[in-house]
Each structure stands twice: as structure tokens, then as C-alpha cells.
Amino acid sequence: WSCQNVELDHVDAKGDYFGMNCQDLVLKNFRLVGNYSFDGVKNMEVHNATMLSKDAFWNSDNVTVYDSFISGEYLGWNAKNLTLINCTIESLQGMCYIDNLVMKNCKLINTTLAFEYSSVDAKIHGTIDSVLNPSSGVIRADAADELREFAAKVQAPVADTLMGKGAFDGREDAYTGMVGMHGTKTSNYGITESDLLIAIGTRFSDRVLGNVKAFARHADLVHIDVDAAEVNKNVMCKYSIEGDAKVVLQRLNEKLTQQDHEPWMRHIREMKSRYPMTYNHEVLTGPGVVESIYKATDGDAIICTEVGQNQMWAAQFYKYKEPRQFISSGGLGTMGYGLGAALGAKLGCPDRTVINVAGDGCFRMNMNELATASRYQIPVIEVVVNNHVLGMVRQWQTLFYGERYSATVLNDSVDYVKVAEAMGVDGRRVTTQKEFDEAIQWAINLKKPVLIDCMIDPDDKVWPMVAPGASIADAFSEEDLDN
């Protein structure tokens with residue numbers, strides 16, 4: 001068939017081969033059994049179709065399939081725009097060459113479709129200042145190895161999110177730290193200056209974006225995600241690939257040639273040197289506690305967190321080597337989550353050191369779980385960063401609400417060491433960095449459930465910070481405030 005403006009309704013077709021070279025082809029209530037080909041079709045719509053094949057190929061510019069069932073042995077799609085809505089795809093293997101794929105309310109059963117995205121590949125080859133932004137989707141897909149290869153081929157810096165910790169080795173030269181409200185200046189400035197941002201398995205939360213209109217304003221955005229609902233939800237992207245991060249990165253790695261962006265990487269290294277993560281080494285601080293844990297465990301521990309400042313410090317000052325080293329409730333913001341998570345992590349990985357970094361406010365939410373640790377002798381280490389306040393809320397009240405402190409002061413006489421001992425857990429209180437360095441080594445060697453109560457200043461803050469509604473390019477540090 002070589003036709004224009006064709007509409008077929010209530011058709012039951014059987015045969016070995018169908019060749020259609022049409023413009024504006026509409027198939028409704030269509031049952032197609034056999035080997036078939038839609039070759040050279042422009043603008044095809046398929047409604048309420050059942051397509052059963054052994055070997056099928058669609059070569060079409062724009063394909064939209066609604067409410068259809070597609071099954072067979074092999075299916076090849078070559079399309080500029082393919083949209084699948086309310087479709088069930090079963091028992092298919094296929095190679096798909098698609099520029100833009102959209103899947104909504106689709107079910108894939110025993111199906112493997114390998115996608116090749118020529119426009120994304122071409123865009124990567126045509127840009128100079130790229131940044132990769134991986135999140136938890138990389139970890140869930142077990143795609144850390146593919147991400148490492150992808151970052152090396154693109155030769156781009158990697159700025160992760162809170163839930164992406166460990167997706168890329170934090171010790172690598174290309175790693176720039178977390179992006180967003182408490183991200184590093186290098187990550188925030190790098191994304192702002194980039195001409196291509198490749199986001200992988202992320203939902204673009206408000207804490208990452210800051211001012212949406214100013215976010216990555218010079219960059220074309222590529223969003224890779226298994227959930228089509230996340231694409232173009234919080235930020236508009238120029239290119240999107242809906243698919244498993246591992247499969248997508250494997251396909252891109254196969255197509256990509258080695259890029260050379262050394263001037264851009266040199267600029268990133270200069271920013272890392274210019275804007276290091278620093279803190280006051282003269283007194284015991286949250287960052288000092290976390291950095292000491294990193295050194296004492298050689299970066300091999302599983303770190304759980306509660307919510308707030310303790311969570312941010314654990315993300316900023318521990319260099320995560322691999323996926324699932326960082327366990328946190330993330331955007332759910334569940335105070336009290338960390339201690340129970342640590343117990344589960346230790347039972348699941350009994351040979352790993354497991355440490356929960358908590359604030360005193362969060363510890364109050366679930367400190368009864370120390371009795372669980374004691375009863376079953378689960379050797380987790382509970383590190384309470386104790387500033388006698390709800391630190392993150394107090395930080396906002398200090399910086400943005402004229403120091404009007406409401407419901408954030410916890411300055412009472414509760415003794416957490418005695419609480420721990422009453423529940424059968426060894427405890428120790430520390431007030432200096434030297435005391436904590438000794439205490440964390442003691443706790444690791446003891447191999448019993450332990451609590452360390454770390455007394456820090458109520459006004460110890462998380463830096464850098466992006467003010468609410470501001471661009472991530474406006475991240476500021478304590479030194480910026482002083483100046």
C-alpha cells in the first residue's frame with residue numbers, strides 16, 4: 001500500500017507480510033496476526049489493536065498507540081516520535097531506534113526492548129560543558145558501573161543528589177559533591193555554567209532546583225528516568241529517555257566515542273580548589289564528627305541518617321564509594337527513621353560497620369529502639385549530634401526569620417548516655433574532637449551496640465546554603481555572610 005489519509009476500522013488481517021508506505025494512517029479495532037512491516041509511514045495512530053507477530057518492523061516518523069496489546073518474538077521500531085498509551089507489551093525482544101519515546105500507563109511483561117537514542121547521542125557529541133546528575137534511579141537499577149563508564153566517556157563532572165550518594169565514587173576526581181540547597185558551590189556553579197545537563201534517575205525536587213527558572217539556564221536538559229510521570233514534571237527537558245537506567249546507559253555507552261573536554265574539567269578542578277568544604281577544626285562540630293567517622297572506617301561503613309542537619313553533614317563529609325552505603329529517608333523527612341534502618345542494615349550486612357548519624361531531636365523520636373539493639377545484641381553505633389535544638393529549623397529561623405525561635409529549643413536535662421545504659425547499651429559523652437576520635441574507635445572495636453553523645457554548639461550550621469526561592473547559583477557560605 002502506498003496511500004495518503006487512510007483509516008481502517010474493525011479489520012482482522014492475517015498473513016506473512018504487510019507492507020505499508022503511507023501518510024496519515026489510522027488503525028482502529030485492528031487485529032493483525034503474522035509478520036508485518038509499516039515502512040515509511042508518517043503519522044500513524046493505532047487504537048484498540050491486537051498485534052501478534054513473529055517478526056515485525058515499524059519504520060515511521062510519528063507513531064501513537066492507544067489501548068493496544070502487542071505480543072510476539074521480535075519487534076523493531078524506528079521512529080522519531082513514539083507514544084504508547086495504555087498498552088500491554090508481552091514476550092517481545094526488540095531493537096528500537098527512537099528519538100523521543102513516551103510511555104503512559106503501559107505494562108511490559110517478559111519484554112526486553114533495547115533503545116538507541118540518536119538525538120541524545122548526537123547532543124553529547126556536540127557539547128563541551130556537560131554535567132551528570134545521578135540520583136537514586138541509578139542505585140535502584142544497579143547501574144553504578146555503567147555510570148562510571150558513561151562519565152569517563154563523556155568526560156564530565158558528576159554532581160549527585162542526596163539519594164544518589166554512592167552511585168558514583170565520591171573519591172573520584174570528577175566528583176563535585178551534592179547539588180542543591182546544601183550542595184557544594186562547585187556542583188551548583190558547574191550546573192549553572194553547563195551547556196548540557198544529563199539527569200539520571202532523579203525527580204528534580206525543590207531542594208535540588210532552587211529557583212526553577214534559573215536552574216541550568218544555559219543548558220539543554222536530558223532526563224533519563226524509568227517513570228514517565230517524572231519527565232517534564234518539575235522542570236522542562238529538551239530530551240527525555242524513559243527506561244531502566246542500566247539499560248539506557250549501556251546503550252549510550254555502546255554508541256558513544258571518547259570525548260575530550262579537558263578545559264572544562266580543568267575549570268571544574270579549579271572551582272573545587274577555590275570552594276572547598278570547610279569547617280571550624282578548633283571545636284567539635286557536626287562536619288568534624290562525620291569526617292572523623294569517615295577516617296575511622298576508611299569509607300567502608302554503611303551510614304544511616306535521621307533528618308535535618310545531621311543528614312546534610314552525613315551527605316557532605318563522608319565520601320561514599322558504592323551504592324547503598326548511604327541510607328536515609330530522603331525527601332520523606334522521617335525523624336526517627338535512622339536507628340531502625342541501621343538495625344536492619346546491620347542484620348542484612350553483619351560484616352559491615354553500621355553507624356546512624358542522628359540529631360538529638362530525631363533521636364527522641366525512636367530512641368526506644370536502643371532496647372531492640374540491646375535485646376538482640378545488634379552492634380550498631382548511634383552517634384547523636386547533640387546541639388539541644390532542632391538544628392535545621394533553627395538555622396532557618398536564624399538566617400531568614402530574625403532569630404525568632406519557636407518550638408526549636410530542646411535545652412533540658414535529659415542524659416542520653418544514661419538513657420542508653422538503662423537500655424543495656426554502652427554510652428559515652430564527648431565534648432572535643434579528640435574525645436570523639438577516641439570514642440568512635442572504641443565503639444568500632446567494642447562490637448556491641450553503642451551510643452556516643454556529641455555536644456556541639458546550638459548555632460552550628462550547614463554550609464553552603466541556598467536561600468528559599470533563590471537560584472542555586474546564589475549559594476552562600478558562612479564566609480560570604482561575614483563579608
Side-chain angles (χ1 to χ4, degrees), residues 136 139-140 142 162-163 165-166 286 289-290 292-311 313-315 318 320-330 332-386 410 414-430 435-455:
S136 59
I139 296 172
R140 288 169 179 260
D142 290 322
L162 179 70
M163 299 308 289
K165 290 293 169 184
V289 165
V290 174
S292 178
I293 293 172
Y294 173 73
K295 292 175 181 177
T297 60
D298 196 29
D300 291 326
I302 295 174
I303 304 297
C304 302
T305 80
E306 301 292 350
V307 177
Q309 290 181 321
N310 64 85
Q311 185 182 34
W313 288 324
Y318 200 98
Y320 298 93
K321 301 177 182 179
E322 60 189 12
R324 299 179 178 87
Q325 264 193 284
F326 178 79
I327 311 295
S328 182
S329 66
L332 207 59
T334 313
M335 297 174 69
Y337 165 90
L339 181 51
L343 296 176
K346 185 62 178 178
L347 289 173
C349 303
D351 296 330
R352 302 285 292 272
T353 299
V354 178
I355 300 172
N356 183 45
V357 179
D360 53 313
C362 292
F363 179 57
R364 290 167 179 254
M365 299 287 178
N366 213 10
M367 61 186 180
N368 54 291
E369 293 300 343
L370 286 181
T372 305
S374 172
R375 181 181 303 120
Y376 297 104
Q377 281 300 294
I378 305 172
V380 297
I381 301 172
E382 176 79 0
V383 175
V384 181
V385 184
N386 189 351
L410 309 176
V414 176
D415 188 326
Y416 293 128
V417 172
K418 288 183 178 179
V419 168
E421 291 172 346
M423 294 188 182
V425 171
D426 289 37
R428 184 176 290 190
R429 180 173 295 106
V430 298
E435 288 177 351
F436 180 78
D437 294 345
E438 295 170 352
I440 191 63
Q441 199 60 62
W442 161 77
I444 293 170
N445 295 335
L446 193 60
K447 300 189 184 305
K448 293 171 59 179
V450 170
L451 177 139
I452 305 174
D453 189 13
C454 310
M455 313 302 288

Query raised in the report: How would you list, by chain and number, every residue that makes a ring pair (Phe, Tyr, Trp, His ring centres under 6.0 Å) with Phe326, sequence neighbours excluded?
Result: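 With sequence neighbours excluded, Phe326 shows a ring pair (Phe, Tyr, Trp, His ring centres under 6.0 Å) to Tyr320, given in chain and number order.
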Query raised in the report: Does atom CZ of Arg324 have more than 12 heavy-atom neighbours, drawn from other residues, nucleotides or ligands, at distances under 6.0 Å?
Result: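 Yes.
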Report task. Please say whether more than 12 non-hydrogen atoms of neighbouring residues, nucleotides or ligands are located less than 6.0 Å from NZ in Lys448. Result ->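 Atom NZ in Lys448 is not packed in, count stays at 12 or less.
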Nearest 0.5 Å, please: how far is [atom2] in [Y] from [atom1] in [X]?
X: Met423; Y: Thr372; atom1: CE; atom2: OG1; value: 9.0 Å
X: Lys346; Y: Ile378; atom1: NZ; atom2: CD1; value: 10.0 Å
X: Leu451; Y: Tyr416; atom1: CG; atom2: OH; value: 10.0 Å
X: Leu370; Y: Leu343; atom1: CG; atom2: CG; value: 8.5 Å
X: Ile381; Y: Asp426; atom1: CD1; atom2: CG; value: 11.5 Å
X: Thr353; Y: Ile293; atom1: OG1; atom2: CD1; value: 11.0 Å

Validation row: [X], [Y] side chains within 4.5 angstrom (heavy atoms):
X: Ile327; Y: Ile302; answer: yes
X: Thr334; Y: Met365; answer: no
X: Asn356; Y: Val380; answer: no
X: Met367; Y: Val419; answer: yes
X: Asn386; Y: Arg429; answer: no
X: Pro323; Y: Asp142; answer: no
X: Phe363; Y: Glu382; answer: yes
X: Val430; Y: Asp453; answer: no

Query raised in the report: Do you see a donor-acceptor pair shorter than 3.5 Å between the side chains of Asp437 and Ser292?
Result: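 Distance-only check passes for Asp437 and Ser292.
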Query raised in the report: Can a donor-acceptor pair be found between the side chains of Tyr337 and Ser328 at a distance below 3.5 Å?
Result: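 On atom types as modelled, these side chains do not qualify, holding no pair under 3.5 Å.
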At their closest point, which heavy atom of [X] faces which heavy atom of [Y], and how far apart are they?
X: Gln377; Y: Pro449; answer: OE1-CD, 3.8 Å
X: Val307; Y: Ser329; answer: CG2-OG, 3.7 Å
X: Ala301; Y: Gln325; answer: O-NE2, 2.8 Å
X: Cys304; Y: Gly338; answer: CB-O, 3.8 Å
X: Ala439; Y: Arg428; answer: CB-CD, 3.8 Å
X: Ala443; Y: Val450; answer: CB-CG1, 3.7 Å

For [X], what residues pass the salt bridge (Lys or Arg N to Asp or Glu O under 4.0 Å) criterion, not counting sequence neighbours?
X: Glu421; value: none
X: Lys295; value: none
X: Asp360; value: none
X: Arg375; value: none

Requested in this report: Return yes if some donor-acceptor pair links the side-chain N/O of Glu438 with the main-chain N/O of Glu435 below 3.5 Å, else return no.
Outcome: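 Not at all, since once roles are kept as given, no pair shorter than 3.5 Å links the two residues.
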Query raised in the report: Is a donor on one side and an acceptor on the other found under 3.5 Å between the side chain of Glu369 and the backbone of Leu339?
Result: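 It does not hold such a pair.
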**Report entry** Results of side-chain hydrogen bond (donor to acceptor under 3.5 Å, both in side chains) for Gln309 - residues two or more places apart only
**Finding:**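 Gln309 satisfies side-chain hydrogen bond (donor to acceptor under 3.5 Å, both in side chains) with Asn387, Gln395 once adjacent residues are dropped.
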Query raised in the report: Could Asp300 and Arg352 be called an ion pair, given the rule that one side-chain N must be under 4.0 Å from one carboxylate O?
Result: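 Between Arg352 and Asp300 there is no salt bridge, as every charged N stays at least 4.0 Å from the carboxylate O atoms.
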Requested in this report: Show your working on side-chain contact (heavy atoms from CB on, under 4.5 Å) between Lys165 and Ile139 and close with a plain yes or no.
Outcome: CA-CA 9 Å; Lys165 290 293 169 184; Ile139 296 172; 5.9 Å; no
Requested in this report: Would you please test Trp313 and Val357 for side-chain contact (heavy atoms from CB on, under 4.5 Å) and show each step?
Outcome: CA-CA 9 Å; Trp313 288 324; Val357 179; over 6 Å; no
Report task. Among Leu446, Ile440, Asn445, find the residue that satisfies the side-chain contact (heavy atoms from CB on, under 4.5 Å) test when tested with Trp442. Result ->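 The passing option is Leu446.
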